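In what follows, a single structure is set out as structure tokens and then discussed.
Remember, it's a predicted structure, so these values are computed and weren't measured experimentally. Because only heavy atoms are used, hydrogens play no part in the values below, and waters and symmetry mates are left out as well, while side chains stay in.
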Amino acid sequence: MASETRVRFAPSPTGALHIGGARAALYNWLVARQSGGAMVLRIEDTDRERSTPENVEQILDALRWLELDWDEGPISQVERSPRHQEVLADLVARDLAYRTTATAEDVKAYKQEHGDAAGFRGTPSPDGEGAVRLRVPGGDIVVHDLIRGEATFRAEHLDEPVIARADGSVLYNFAVAVDDHDAGITHVIRGEDHLSNTPKQLLVYAALGATPPAFAHLPLLHGHDGKKLSKRHGAASVQELRAAGYLPAAVRNYIALLGWGDVDSETLIATPDLVERFELSRVSRNPSRFDEQKLRWMNGRYLRELSLDELTVELEAFTGRSGLRAGAEISAEKIQTLADFWPLAGFLYDGPVSDPKAREKWLTNPEHLAALVDARSALSALEAFTLEEIEAALRGVAAAREVKAKDVFQPVRVAIAGTAASPGLFESLIVLGRDASLARMDAAFAARI
RNA sequence: GCCGCUAUCGUCCAGGGGACUAGGACGCCGCCCUCUCACGGCGGAAACCCGGGUUCGAAUCCCGGUAGCGGUACCA
């Protein structure tokens, strides 16, 4: 029981869940699930400005969509304030921390005098006013990181960190250590941007007389231009990924591989296998870039693994339409995302789309128009409106007119779909039905220039 | 500035002293399949940041440089 693995995901609710955050959540979740341990969700909401209920809900919503469930929480950091105050008072009482009115200017002045590399050392204010700073002892502070090995920080370089504001409210580096300790967290898995803060947190653990958890700092994720991920980088948040028509399973697979690779470098790894094979120690130390093209490819693979029933459910949920099964069936191998479906197959339900270029190319030439007319009559004369019959009829028209099949198929396609790209022509005709197909061909001919 | 982390194809991941003629995937190019668009198949181009050192031997270990990133808040 004492050896149970306990991890936590502790986002600050600043808005949508970023894919970097999503990856941290996933890695934590993988560790929890593979070890049979627990994942604790904690909302780091000590910055009241940014923490709104809406922002918190967005995070939870993203996690639920990704199907990453947590075992405890969400815990609000703010609500743990009494405990923070208790610990804070204790540290001050034991002179491990002290109140001081030193300002940023004072810190600057100190460095001017002692050198840039010298960590700030303040003096307690006589009246016990001001912010609370933690005392920094001498020696080296070593972060034992599961991913990077050891990172050594010399204590003398470290400023005495402010752990509580003058008004008594506590700061992140203090609260995070107290909370992780109280929650019995055994593994802190988070972004590399926290690595430099870890020594400060280690100091808090030391002041508490507590054994720190194991740390694992994940390399950061960058956009395609190598810069930090932002709105400018396409679908960079979980909600954007969802809106772009990606499947949670594909997103999990893709994100897992951003910074982690197995020995046999496979790319398609289903979630249960991820749980089994994921190893923190094999996480890369290099920052990686989010490449939506690869996600698109991967999503296509996951889409094609869905049964027709499953795909239909997904597409109907995504588009908000119903009765899409026939269209789904003939489009399955042509779409990469759920969002690709409607532009490709919407014409089956809402009529031909408007694509002047396609009309110009395939429905203005007299040859093409004549082929359309021949095709129309061949289709109307068919005994049965089946795939074989339709194909034979249309190929027959091409043979009789001594033109390539394409010169018959494309005019028909543009007539029924409005555009030059669609699911298979014969299949599309069947889904539409003979009457609707013929009507559309008539309308297209009537609209010729 | 100071402190820290990182450096293999365009991108992601593998290789961690000899098996490297550096492997896989996305993307790209070509061919095949083909009614469009895709899917699928086959083939191709494409990388060890630079400089020293250690070693019989370095992509791999060490040092330096350079570059990128992060931290440096009474933010998280």
Determine the interatomic distance between C1' on B:rA46 and the same-named atom on B:rC26; round to the nearest Å.
13 Å
Could you check A:R80, A:R42, A:R8 and say which one makes a salt bridge (Lys or Arg N to Asp or Glu O under 4.0 Å) with A:D182?
A:R80
Gap between atoms NE2 and P, on A:H217 and B:rG71 respectively (whole Å)
12 Å
List for me each residue that meets ring pair (Phe, Tyr, Trp, His ring centres under 6.0 Å) alongside A:H181, sequence neighbours excluded, and say none if there are none.
none
Side-chain atoms of A:K294 come closest, of B:rC26, B:rC13, B:rG70, to B:rC26
Can you find an N or O donor on one side and an acceptor on the other, under 3.5 Å apart, linking the side chain of A:K406 with the base of B:rC35?
no
Shortest side-chain distance from A:E192, nucleotide among B:rC35, B:rC5, B:rG10:
B:rC5
With the side chain of A:N286 defined as its heavy atoms from C-beta on, choose the nearest nucleotide among B:rC74, B:rC12, B:rU6.
B:rU6
Would you say A:H194 stacks on B:rA76, if stacking means ring centres under 5.5 Å apart and planes within less than 30 degrees?
yes
Sort and list the pairs that fulfil salt bridge (Lys or Arg N to Asp or Glu O under 4.0 Å) and have at least one residue in residues 152-164 of chain A, not counting sequence neighbours.
A:K111-A:D159
Can you give the dot-bracket line for RNA chain B, using ( ) for pairs inside the strand, [ ] for pairs that cross earlier ones, | for pairs with another strand and . for unpaired bases, where Watson-Crick and G-U count if both distances are under 3.5 Å?
(((((((..((((....[....)))).(((((.......)))))....(((((..]....))))))))))))....
Does A:S196 make a side-chain N or O approach to OP1 or OP2 of B:rC3 shorter than 4.0 Å?
no
Among the nucleotides B:rA73, B:rC74, B:rG1, which one has an atom lying closest to any side-chain atom of A:D159?
B:rA73
Among residues two or more places apart or on two chains, list those pairs meeting salt bridge (Lys or Arg N to Asp or Glu O under 4.0 Å) that have a residue in residues 391-413 of chain A.
A:E367-A:R401, A:D374-A:R401, A:E391-A:R395
Between B:rU60 and B:rU6, how far apart are the two P atoms, rounded to whole Å?
15 Å
Using a cut-off of 4.0 Å on non-hydrogen atoms, how would the nucleic acid contact of A:L425 be classed: base, sugar-phosphate, or nothing?
base
In terms of side-chain heavy atoms, does A:R148 have a donor or acceptor partner in A:H217 at a distance below 3.5 Å?
no
Go through the N and O atoms of the side chain of A:N197 and the base of B:rA76, and report whether any donor-acceptor pair is under 3.5 Å.
yes
Determine the contact category for A:P199: base if any of its heavy atoms lies under 4.0 Å from a base atom, sugar-phosphate if only primed atoms, P, OP1 or OP2 are that close, otherwise nothing.
nothing
Considering every strand and a 4.0 Å limit on heavy-atom distances, what is the contact class for A:F153: base, sugar-phosphate, or nothing?
sugar-phosphate
Nearest to the side chain of A:Q77 - B:rG4, B:rA76, B:rC39?
B:rA76
Shortest non-hydrogen contact between A:D45 and A:V78, atoms and distance:
OD1-N, 2.9 Å
Looking for any heavy atom pair under 4.0 Å, which part of the strands does A:S288 touch: base, sugar-phosphate only, or nothing?
sugar-phosphate
Considering only side-chain heavy atoms of A:Q336, which listed nucleotide, B:rC2, B:rG71, B:rA38, is closest?
B:rA38
How is A:R99 classified with respect to the nucleic acid when contacts are heavy atoms under 4.0 Å: base, sugar-phosphate, or nothing?
nothing
Please evaluate the base of B:rC37 for a donor-acceptor partner in the side chain of A:K334 within a cut-off of under 3.5 Å?
yes
Quick one: side chain to side chain contact (heavy atoms under 4.5 Å, CB included) partners of A:A102, sequence neighbours excluded?
A:T100, A:D106, A:F120, A:R133
Can you figure out which of B:rC35, B:rC74, B:rU36 approaches the side chain of A:A131 most closely?
B:rC74
Can you identify which nucleotide, out of B:rG1, B:rC39, B:rG27, has its nearest atom closest to the A:R304 side chain?
B:rC39
Within the 4.0 Å heavy-atom criterion, would you say A:R42 contacts the bases, only the backbone, or no part of the nucleic acid?
nothing
A:T419 near the nucleic acid: base, sugar-phosphate alone, or nothing, with a heavy-atom cut-off under 4.0 Å?
nothing
A:R296 side-chain N/O to B:rU11 phosphate OP1/OP2 under 4.0 Å:
no
With a non-hydrogen cut-off below 4.0 angstrom, is A:G119 in contact with a base, only sugar-phosphate, or nothing?
nothing
Regarding A:F426, tell me which of base, sugar-phosphate or nothing describes its non-hydrogen contacts under 4.0 Å with the strands shown.
base
On the side chain of A:T267, is there an atom forming a donor-acceptor pair with the base of B:rG24 - under 3.5 Å, no angle test?
no
Quick one: side chain to side chain contact (heavy atoms under 4.5 Å, CB included) partners of A:A214, sequence neighbours excluded?
A:L146, A:H187
Considering only B:rC26, B:rU6, B:rC3, which nucleotide approaches the side chain of A:P287 most closely?
B:rU6
Can you tell me if A:R301 and A:Q336 form a side-chain donor-acceptor pair at under 3.5 Å?
no
Should A:R285 be listed as having a side-chain N or O under 4.0 Å from OP1 or OP2 of B:rC5?
no
Under 4.0 angstrom, heavy atoms only, what part of the nucleic acid is A:S331 near: base, sugar-phosphate, or nothing?
nothing
Can you name the closest pair of heavy atoms from A:Q201 and A:V176 and give their distance?
CD-CG1, 3.4 Å
Between B:rA7 and B:rC13, how far apart are the two C1' atoms, rounded to whole Å?
15 Å
What's the closest nucleotide to the A:A117 side chain, out of B:rC2, B:rU36, B:rC74?
B:rC2
